[in-house]
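Please read the structure below before turning to the comments.
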Amino acid sequence: MGKSSTIFPYCLVISLFVLVSSSSGTDTIQQLQNISDGQTLVSAGGIFVLGFFSPGDSGKRYLGIWFAVSNTTVVWVANRDKPLNGSSGILRIDTSGNLVLTGNPPNTIFWSTGQTSSVGATAQLLDSGNFVLREGSSLTAGDFLWQSFDHPTDTMLAGMKIGPDYRTGRDRNLTAWRNATDPSPGRFTYKLDPRGMGQPFVLDNTTVIYRSGPWNGLRFSGTPTTKSYTMFNFTVVHNLEETYYQYGITQEPTLARLVTDHSGVARRLLWDSKKAGWQELWSSDLDRCSNYSLCGPNGVCNSDASVACNCLRGFRVKHQDEWNIRNWSGGCVRNTSLNCTDGDGFRLETGMRLPDTVNSTVDMGMNLDECRETCRKNCSCVAYASANISGGESGCITWIGDLIDIRTFGEVEDGQNIYIRLAKADLEEILGNPSKKKHWAIIAVTVASALVLLSSVLWGYCIWRKRNQKAEAIIEHGSRFQSINNGLTDENNDLPLFDLDTIALATNKFADANKIGKGGFGYVYKGKFLDGREVAVKRLSSHSEEGIEEFTTEVRLIAKLQHRSLVRLLGCCIEGGERLLVYEYMPNSSLDVFIFGDVQKRRLLDWEKRLDIILGVARGLLYLHQDSRLRVIHRDLKAANILLDEAMNPKISDFGTARIFGRNQMEDNTIKIVGTIGYMSPEYIINGNFSEKSDIFSFGVLVLEIISGRKNQWVSQKNTHMQLLANAWRLCRDNQCDKLLDDTLRPPTKFSDVLRYMKVGLLCVQESPDDRPTMQEVVLMLANRTSVLPQAEKPGFFKPTSLAAAAQWFSDGYNSLSSANVITLTNVEGR
Ligand SMILES: *[C@@H]1O[C@H](CO)[C@@H](O)[C@H](O)[C@H]1NC(C)=O
Ligand SMILES: *[C@@H]1O[C@H](CO)[C@@H](O)[C@H](O)[C@H]1NC(C)=O
Ligand SMILES: *[C@@H]1O[C@H](CO)[C@@H](O)[C@H](O)[C@H]1NC(C)=O
Ligand SMILES: *[C@@H]1O[C@H](CO)[C@@H](O)[C@H](O)[C@H]1NC(C)=O
Ligand SMILES: *[C@@H]1O[C@H](CO)[C@@H](O)[C@H](O)[C@H]1NC(C)=O
Ligand SMILES: *[C@@H]1O[C@H](CO)[C@@H](O)[C@H](O)[C@H]1NC(C)=O
Ligand SMILES: *[C@@H]1O[C@H](CO)[C@@H](O)[C@H](O)[C@H]1NC(C)=O
Ligand SMILES: *[C@@H]1O[C@H](CO)[C@@H](O)[C@H](O)[C@H]1NC(C)=O
Ligand SMILES: *[C@@H]1O[C@H](CO)[C@@H](O)[C@H](O)[C@H]1NC(C)=O
Ligand SMILES: *[C@@H]1O[C@H](CO)[C@@H](O)[C@H](O)[C@H]1NC(C)=O
Ligand SMILES: *[C@@H]1O[C@H](CO)[C@@H](O)[C@H](O)[C@H]1NC(C)=O
Ligand SMILES: *[C@@H]1O[C@H](CO)[C@@H](O)[C@H](O)[C@H]1NC(C)=O
C-alpha cells in the first residue's frame, strides 16, 4: 500500500470536489460560516470528506463523514435518527459557538453538538476522521469542546475510544444502522464491557450474541487473528475517568475500520488500494463457536471438532437428551461437587478463550501462585488465570459461578491457560489413581548418599578413562580391521550386492543435491533406480576409517532382521574404496524433524499418530530384544533414528552401533561407549554396562520427547541437567502430567491414553535398570487400556548435582577422547 498509489485517488476526489464545491476543499468551518448540501469539507491529507449524502435511493439526506477513496463508506452520521427533508441542510456555527445542522422547515434543528462557547468556535475535519470543535478561532487549541470520536455511530476508526466515560456517564459504543439504507440506530451494538479486564460484546438489543475474550495485556483472548495484524497496535485502558479500547495503525498509510453492520456482525476491514475495495481481516461470525455461550455453562466450544460442544474435563452433560440433538444450551455440571475443605485441586486447560469475566475479580498485583492461593481459599472461586500475559504472566482473574462461553483453539497460541477447580475425585478420574504416599525424608537421605557415591564413581572413572585412552585406541583399531575382513563374506550370502555403477547412476554420482542426511559414519543420499524405485544410500566416508565396524555390524545385523518397524536394508556394495548400504527410502525423513520442528511440522503428527509411533517403535524394539533370531541391543535409539514412511509409520534405523547378545547374557560391559547424550542410561554412561534395559531407558526418553515435543537436552554447560525427565516425573507425581504435553497441539481427545503412555515412559527411565519394565511389558502396558501401572520411581539423572558431575565428565571425555575414537557420540544435539 504505497503512499503514491493511495494519494493519487485522493487528489482525484479532491479535484472533483473543488469543481462542485464553493468551500474549495477546506477542512474548517469558522464561526458564522456554513456549508450547505452539495458542499463538503475535506481533511487536510485528503483522507476523509464531510458532507451530505443519501444512503441508497431513500432520498433522505444525512450529514456524514466518509472515506475519500470510497464515498459509500460512511463512517459517521450526525443526524442519524432525524433525516433532512430534501437538500435543505445547512451546517454552521451559530453565534453561541454551537455547531448546528438546520434544514426545512426553516430553522428546524436536525442536529447540534449542544456545546456553546462565549469566545466562538471553529470546527475542523481531521485526517483521522475525527470532526472536532475548538474554542475560539485557533486550530491548535488543545482541548476539544466536542468531537465526533466521542459520539461514534457504527464505525471505529484508529484513535477512537470505545468504552464507558465515567465523567460524562456516556457509553461510547458502536450501534449498527437499522438496515443498509437507514442509518438510524438498529438492534445491534458493539461495546466494551469494563468488568473483568474489559471485553468487547456484540449485543442484539440487550442480549449478548458475541463476546471477544477479555483483554490480556496483548490482545483480546479469543480474537485469534488479531495477533497477525502487525499493522495495528491495541490498548485497553482502565482508570477512574474511563475504560476504553483503542487501536492504532503502525504502518501508515493504512486505511482501516471496524464496523458493526446492520446484521449484527462486527468486522475489521482494511482498504486494498490495488483492488479499490475493502478486505475483511476479521469478523465476529467467523465460525460456529462465535455464538455466545453456544455450549452452555461449563461447555467448551471447538469449531474444528465434528461436534462443536464438549464439557470441560471433570464436568458432565446436564441434559443428555437435548445435548444429543445438538441443543447444547443446557451446558454441563460438575461430576462431583466441590468440597472446599477436602482436596479440591486445579486442573490446567490450555489454549482457551477465557470465560466471560462479567462476574470475575481482577487483581493486577498478584502473581499466579498468589492467585491460586486466593482462589483456593475462597470456596466459591471456580477458576483462575493470569490477567496479563504481556511480558510473562502476571495479575490474577478469578471466576465464580458457572464458566460461560469458553472455546478452545486449533491454534493453541491464540488461547490462554486457565486453571479449573475440580473435586479430588474428578481430578483423580482424569489423572489416574493417586500415588502411594512416600516417606520423603528417607528418600532424601538415600538420594544424598547415592549422589555422593555417584559423583565419586564418576570422578574416578573419568580419571581412569583418561589414563587408558591411548591403549584403548590401539585395541579398537586392530579389531576393526579384523571385523571388516570377516564380516561380509560368510554371514551375508543372502544379502543382494549392488554394483557401484548402478548406485552412482541412481544417486547422480553422489551429487550434493541428493544428500538427505548425515548418519553415524557418513552421508546418506537419495537415489532412484532406473526402474523408478527410490532408495536411500548410506555411504561410508571413503578416506576415513571411522565407522568401518559400524558398517559391518549394520550389514550383518539388519540383513537378518525383518520387521515392519525396522527400516529395510535392500542390499550393499563393497567396491573399490566404497562401502555402501542401500535402504528403502523414507519420504518423511526422521521423527525429530516433526516433534522438535516448527508448529506446522509438529501438527502433522497429532496425538493419535504420536501414540501410534510410540507403539510401533515399541514393537520394533520388542522384536529386536526378544522375537528376532538374534537378540539385538540397538544402543542408539533416538528420535533422529526413527524414520517415517509415507504413512508416518515409524521405522527404527541406524544399527551401526547395535550389539548382538547371547540368549542368556544379561549384561555386557563395553569400554567403548556409543550412543547419544540425553538417551543414554546412567549405568551405561557410568559403568559402560549395557543391556536391554539401556535401550528401554532410551525408549522412555523418546516417549517423553514425543509427548512433550521437548528434547531431553543435556549439554555440558553449568546448570543444565536432564530437565525433561526430572520435570516429567515431578509433574506427574503432582498430578500435573498434562503440563508436559506439547502445547502446540490441540489437547488430546483421549487424554487418558496419552497419560498412560507418559507413565510408561516414566517407568522406562527409572534410575535402576531392574525397576524398568521389559519391552514385552511395555508393549502390553501401552496396548492395554485397563492395565494398572505401578508408580514410577525417580528417573535416572534426577539430581542436577550428579548430572553436573556427569556432564563435566562428558565434556572432558568428549573433547579429549573423541579423536581417539573411544567414545562415539553420535549427534549430541540431534540433527
Ligand atoms: C451561509 O454562508 C453564506 C456565505 O458564505 C451566506 O451567504 C449565507 O447566508 C449563509 N447561510 C446561513 C443560513 O447562514
Ligand atoms: C460518490 O461518487 C460517485 C461517482 O464518483 C458519484 O456519482 C456520487 O454522487 C458520489 N456520492 C457522494 C455521496 O458523494
Ligand atoms: C418536506 O418538505 C416538503 C416541501 O419541501 C413539505 O411539503 C413536507 O411537509 C416536508 N416534510 C417534513 C417531514 O418536514
Ligand atoms: C450505546 O451508547 C449510547 C450512547 O451513550 C447509549 O444510549 C446506549 O444505551 C448504549 N448501548 C448499549 C447497549 O450500551
Ligand atoms: C429499511 O428500514 C426502513 C424503515 O426503518 C424501511 O422503510 C426500508 O424499506 C428498509 N430498507 C430495506 C432495504 O430493508
Ligand atoms: C429491546 O428490548 C426491550 C426490553 O427488553 C424491548 O422493549 C424492545 O422492544 C426491544 N427492542 C427491539 C428492537 O427488539
Ligand atoms: C500505535 O502506534 C502509533 C505509532 O507507533 C502510536 O502513535 C499510537 O499512539 C499507538 N496507539 C496505540 C493505541 O497504542
Ligand atoms: C448462531 O446465531 C445465529 C444468530 O443468532 C443463528 O442464526 C445461528 O443458527 C446460530 N448458530 C448456532 C450454531 O447456534
Ligand atoms: C464422572 O463420575 C463417574 C463416576 O462417579 C465416572 O464414571 C465418570 O467417568 C466421571 N466422568 C468424568 C467426565 O469425570
Ligand atoms: C434446549 O435445552 C434446554 C434445556 O437444556 C431447554 O430449556 C430448551 O428449551 C431447549 N431448546 C430448544 C430449542 O429445544
Ligand atoms: C467435605 O469432606 C470432608 C472430609 O471428606 C467431609 O467431612 C465433609 O462433610 C465434606 N463436606 C461437604 C460439603 O461435602
Ligand atoms: C453473573 O452473575 C449473575 C448473578 O449471579 C448471573 O445471573 C449471571 O448468569 C452471571 N453471568 C456470568 C457470565 O457468569
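Both counts, for ligands and for their atoms, begin at 1 and track the order of listing.
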Distance flag for atom 4 (C) of ligand 1, protein heavy atom under 4.0 Å: no
Test of ring centre spacing under 6.0 Å for Trp278 and Phe67: yes
Identity and separation of the nearest protein heavy atom to atom 12 (C) of ligand 10: Asn327 ND2, 3.3 Å
For atom 13 (C) of ligand 5, the protein heavy atom that lies nearest, with its residue and separation: Thr181 OG1, 4.0 Å
Atoms in ligand 5 with a heavy atom of Arg178 nearer than 4.0 Å: 5 (O)
Per-atom contacts of ligand 10 with Ser329, taking only distances under 4.0 Å to non-hydrogen atoms: 1 (C), 2 (O), 3 (C)
Close-contact set for ligand 10 against Gly330 heavy atoms, below 4.0 Å: 5 (O)
Residue that, paired with Gln124, satisfies side chain to side chain donor-acceptor pair (under 3.5 Å) out of Asp27, Thr26, Asn130: Asp27
Distance-only donor-acceptor check, side chains Asn378 and Ser380, under 3.5 Å: yes
Ligand-residue contact atoms, ligand 1 with Ile90, heavy atoms, under 4.0 Å: 13 (C)
Ring-face cation contact, Phe751 with Arg347, 6.0 Å cut, 45° max: yes
Protein heavy atom at shortest distance from atom 1 (C) of ligand 5: Asn179 ND2, 1.4 Å
Where ligand 1 meets Arg92 - atom numbers and elements under 4.0 angstrom, heavy-atom basis: 14 (O)
Per-atom contacts of ligand 10 with Glu322, taking only distances under 4.0 Å to non-hydrogen atoms: 1 (C), 2 (O), 10 (C), 14 (O)
Salt-bridge contact Asp204-Arg187 (side-chain N to carboxylate O under 4.0 Å): yes
Salt bridge flag under 4.0 Å for residues Arg353 and Asp405: yes
Exercise: do Thr73 and Asn71 side chains pair donor with acceptor under 3.5 Å: no
Within-cutoff protein neighbour (heavy atom, under 4.0 Å) for atom 9 (O) of ligand 1: no
Any donor-acceptor N or O pair under 3.5 Å, side chains Ser96, Asp94: yes
Protein heavy-atom partner closest to atom 6 (C) of ligand 1 - residue, atom, separation in Å: Asn34 ND2, 4.1 Å
